[in-house]
Undergrad: 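Below you'll find the structure I mean.
The shown structure was predicted, so the numbers you read here are calculated from the model rather than taken from an experiment.
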Amino acid sequence: MDAKKNISREQLFDYMQDRCTEDEARQVRIWLMNHLNDPSIDQLFNDLLDAAETEYDPAGKERVL
């Protein structure tokens, strides 16, 4: 089963930009914890970071990491 089907790219992008509800954020965190060792997730986050508007935000970077 493809793990990425459980959480959409848009949900991850909203989570990275702190534009989701607490419940949505919780769902993303649970999903991430269940897929910590999946290298394709790392690539997905790298792609999303590249797509995000760049503004230096140390707290946001730490939250994403």
Undergrad: Can you list the residues that meet the salt bridge (charged side-chain N to carboxylate O under 4.0 Å, His left out) rule with Glu22, with sequence neighbours excluded?
TA: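 With neighbours one apart ignored, the set is Arg29.
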
Undergrad: So which atom in Leu48 and which in Met16 form the shortest heavy-atom distance, rounded to 0.1 Å?
TA: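 Taking every non-hydrogen atom into account, CB-SD, 3.6 Å.
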
Undergrad: Could you work out, with side chain to side chain donor-acceptor pair (under 3.5 Å) as the rule, every residue matching Asn34, not counting sequence neighbours?
TA: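 None.
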
Undergrad: For Cys20 and Tyr15, which heavy atoms make the closest approach, and how far apart are they?
TA: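 What the structure gives for the nearest pair is SG-CA, 3.8 Å.
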
Undergrad: Would you say Asn46 has more than 12 foreign heavy atoms packed within less than 6.0 Å of its CG?
TA: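 Count over threshold, so yes.
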
Undergrad: Which heavy atom of Leu44 sits nearest a heavy atom of Arg9, and at what distance?
TA: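 In terms of heavy atoms, the two residues are closest at CD1-NH1, 3.5 Å.
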
Undergrad: For Asp47, check salt bridge (charged side-chain N to carboxylate O under 4.0 Å, His left out) against everything at least two apart and list the hits.
TA: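 Asp47: no salt bridge (charged side-chain N to carboxylate O under 4.0 Å, His left out) contacts found.
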
Undergrad: Residues in side chain to side chain donor-acceptor pair (under 3.5 Å) with Asp23, at least two apart?
TA: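 Checked Asp23 against side chain to side chain donor-acceptor pair (under 3.5 Å); matches are Arg26, Gln27.
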
Undergrad: Among residues at least two apart in sequence or on other chains, which ones pass side chain to side chain donor-acceptor pair (under 3.5 Å) with Asp18?
TA: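 Result, side chain to side chain donor-acceptor pair (under 3.5 Å) vs Asp18: none returned.
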
Undergrad: Looking only at heavy atoms, which two atoms of Trp31 and Ile7 are closest? And how far apart?
TA: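 Looking at all heavy atoms of both residues, the shortest contact is CG-CG1, 3.2 Å.
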
